[in-house]
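Some notes on the structure that comes next.
Both counts, for ligands and for their atoms, begin at 1 and track the order of listing. In this text the structure is predicted, and so the values were computed from the model without any measurement.
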Amino acid sequence: MLTLLKSLSNFQLAILPLLLPCYLLLQMLGNPLLILQGWMTIKSDAESSPPPVGSQLLAYVVVGVLGYVVTNALIPNIQQYTLRKGISGKDLGKRGTPTADRDVPEALGIAPGTIFLVCLISCVVGYSHHHPAKLLDLNSALLSVCFMLFLGFTDDVLDWPWRYKLVLPSVASLPLLCCYAGSTSVVVPIPMRSWLMQQGEYTWLAKVLTFPQNDSAFMAPLIAVDPKADGALLDLGILYYVYMGMLAVFCTNAINIYAGINGLEVGQSFIIGCAVLIHNLIEMEHEGQQLRENHLFSAMIMLSFLGVTLALLRHNWFPATVFVGDTYCYFAGMTFAVVGILGHFSKTLLLFFIPQILNFLWSCPQLFKLAPCPRHRLPRFDPATGLMQPSTFPCKAADFKLLKRQPDDTECANMTLLNLCLQLLGPMSERDLCVTLLAFQILSCAVGFGIRYRVSQLFFDG
Ligand code: UD1
Ligand code: MG
């Protein structure tokens, strides 16, 4: 299976994750020609009622395709500007080859990011007519993404310390949190409901969680258990907002640290974007005006995002002519946080981040300084074989014995999923490593869908 994937052309690889969302989109659009015909005829009640979902989706597809075309044309121009200003980096995966000293333009995420904002701003025009109530959501989404794009670009130019990278995304998410009007309750899995309520009475655990029971002048309970729902609903209140703020920090940084080989940052975001779009299209078939509107909103953002991301992938794919920089990682991460929060599916979103969660967990010892963390942890290129090897950090023979191939080695592999993949599957070329990790991303998203639509039914009703 992996061999088959590796043998596919770049175009076939890019189309693969798009197949399912395209199929679902075509089903929802019906006959696009009829929709186009409808666009030509001006209706007198056009302002009072929103156009059919198919018509709106087609408009967003057109915006996304335009986003692709413009971004693709813009990148070669913008890379001249970044090179001229010295915003460039060396391709560390080509060390020891004739191209090792070439300056690769950095921070090219600024091109798709800006075009994405232009796409969304043009969507605002349609929204102000048909969904005025959703305008606040769209404007706060624009503000948050814009702030992250700015932060990412300044990080590429100024190299911010990690503490800023952790704090600022949560500030950027504040506009979203302020206009979040959804529930702050989580549904408790069926087997755990008896832990909270038994025969209409709170258990000791529920009493601890909802302390103090009666609002006192000094302190109100942070968490509430709905007595009418018999332990099925846990209202997290302010903690739910903290969770959503942390989601933005996680999404932005998780993509940034699962990086370092050509095509990986953009490729993973492209696949997650496709998964989000599939989820939106599936959910839009369900009953409920609010639910449909939320997912249509998210699909609109995702279609523009996928358009500009695909264009960037063309230039960042092995051998990369541009680097995407932290600009793109932050912009992509924030875009996912935006759709997850405002689309009210943040928990499902996390199911599409399984590789990023694993990479973060595996990286924790180095991130939290329990083990030395070099500036770059990306795999090491071996010019003799043309293959990538796990990169290492120096350590004492007595340390990290479990992580080393030989217990008395004086170096240990950096703890990233990229290096782990090379340790498990053996050395491979940069392109093959990227394809392998992206195949894992697709598999993880499929598992995420399985959990969301199959396994969750065992634990939640409805
Ligand atoms: C994060 C990772 C770091 C990884 C780096 C690579 C953590 C804590 N940090 O740091 O380990 O090495 O991303 O993106 O996990 N580069 C390539 N080929 C690529 C992409 C990047 O060689 O395909 C190199 C280039 O020299 C480029 C540099 O990485 O200039 C960009 O690194 P930067 O995004 O600044 O690193 P961080 O995000 O700080
Ligand atoms: Mg980075």
Practice problem: With F331 as reference, evaluate F147, F150, F305 under the ring pair (Phe, Tyr, Trp, His ring centres under 6.0 Å) test and give the passing residue. | Solution: F305
Quiz prompt | Flag side-chain contact, heavy atom, 4.5 Å: V266 against W317 | solution = no
Exercise. Please work out which of N262, L418, I255, L92 has its closest non-hydrogen atom nearest to atom 24 (C) of ligand 1.
Key: L92
Self-check item: Heavy atom of the protein closest to atom 7 (C) of ligand 1 (residue, atom name, distance)
Solution: I257 CG2, 3.6 Å
Quiz prompt | Nearest protein heavy atom with distance in Å, relative to atom 26 (O) of ligand 1 | solution = K90 O, 2.7 Å
Self-check item: Test item: Y23 and Q27 side chains (from C-beta on) under 4.5 Å apart, heavy atoms
Solution: yes
Quiz item: Picking from T335, D156, D155, T252, what satisfies side-chain hydrogen bond (donor to acceptor under 3.5 Å, both in side chains) with Y330?
Solution: D155
Quiz item: Between the side chain of N253 and the main-chain N/O of V249, is any donor-acceptor distance below 3.5 Å?
Solution: yes
Practice problem: Provide the protein N, O or S atoms situated under 2.8 Å from the Mg ion (ligand 2); waters are not included. | Solution: N256 OD1, D326 OD1
Quiz prompt | Identity and distance of the protein heavy atom lying nearest atom 34 (O) of ligand 1 | solution = D326 OD1, 2.8 Å
Exercise. Decide side-chain hydrogen bond (donor to acceptor under 3.5 Å, both in side chains) for Y328 and T309; before the verdict, give the C-alpha distance in whole Å, the side-chain angles of both, and the deciding distance to 0.1 Å.
Key: CA-CA 9 Å; Y328 178 79; T309 294; 3.0 Å; yes
Self-check item: Option with minimal heavy-atom separation from atom 27 (C) of ligand 1, where the choices are H376, K165, E106
Solution: E106
Quiz prompt | Side chain proximity check, L306 to C274, heavy atoms < 4.5 angstrom | solution = yes
Quiz item: Could R452 and F449 be counted as a cation-pi pair, given that NZ or CZ must be under 6.0 Å from the ring centre and within 45° of the axis?
Solution: no
Quiz prompt | Nitrogen or oxygen atoms of N256 and ligand 1 under 3.5 Å apart | solution = yes
Quiz prompt | Neighbour count above 12 (heavy atom, 6.0 Å) for I238 CD1 | solution = no
Quiz prompt | Side-chain (Q389) to main-chain (R380) donor-acceptor, under 3.5 angstrom | solution = no
Quiz item: Given that the side chain starts at C-beta and the backbone is N, CA, C, O, which of these parts of L367 lies under 4.0 Å from ligand 1, counting heavy atoms, or is it both or neither?
Solution: side chain
Quiz item: Should you measure from each heavy atom of G89, which atoms of ligand 1 turn up under 4.0 Å away?
Solution: 30 (O)
Quiz item: Against heavy atoms of R377, which atoms of ligand 1 measure under 4.0 Å?
Solution: 3 (C), 7 (C), 11 (O), 12 (O), 15 (O)
Exercise. Check R375 against ligand 1 and report side chain, backbone, both or neither, counting heavy atoms closer than 4.0 Å.
Key: both
Quiz item: For ligand 1, which atoms, with element, lie under 4.0 Å from some heavy atom of G260?
Solution: 6 (C), 14 (O), 17 (C), 18 (N), 19 (C), 20 (C), 23 (O)
Practice problem: Please examine the side chains of Y240 and S346, heavy atoms only from C-beta on, and report whether any two atoms are closer than 4.5 Å. | Solution: yes
Practice problem: Number the atoms of ligand 1 from 1 as they appear, then name those within less than 4.0 Å of a heavy atom of D91, with their elements. | Solution: 17 (C), 18 (N), 22 (O)
Quiz item: Nearest non-hydrogen atom to atom 17 (C) of ligand 1 belongs to which of Y330, Y258, F323, Y328?
Solution: F323
Practice problem: Taking only heavy atoms of W162 into account, list the atoms of ligand 1 that are under 4.0 Å away from them. | Solution: 8 (C)
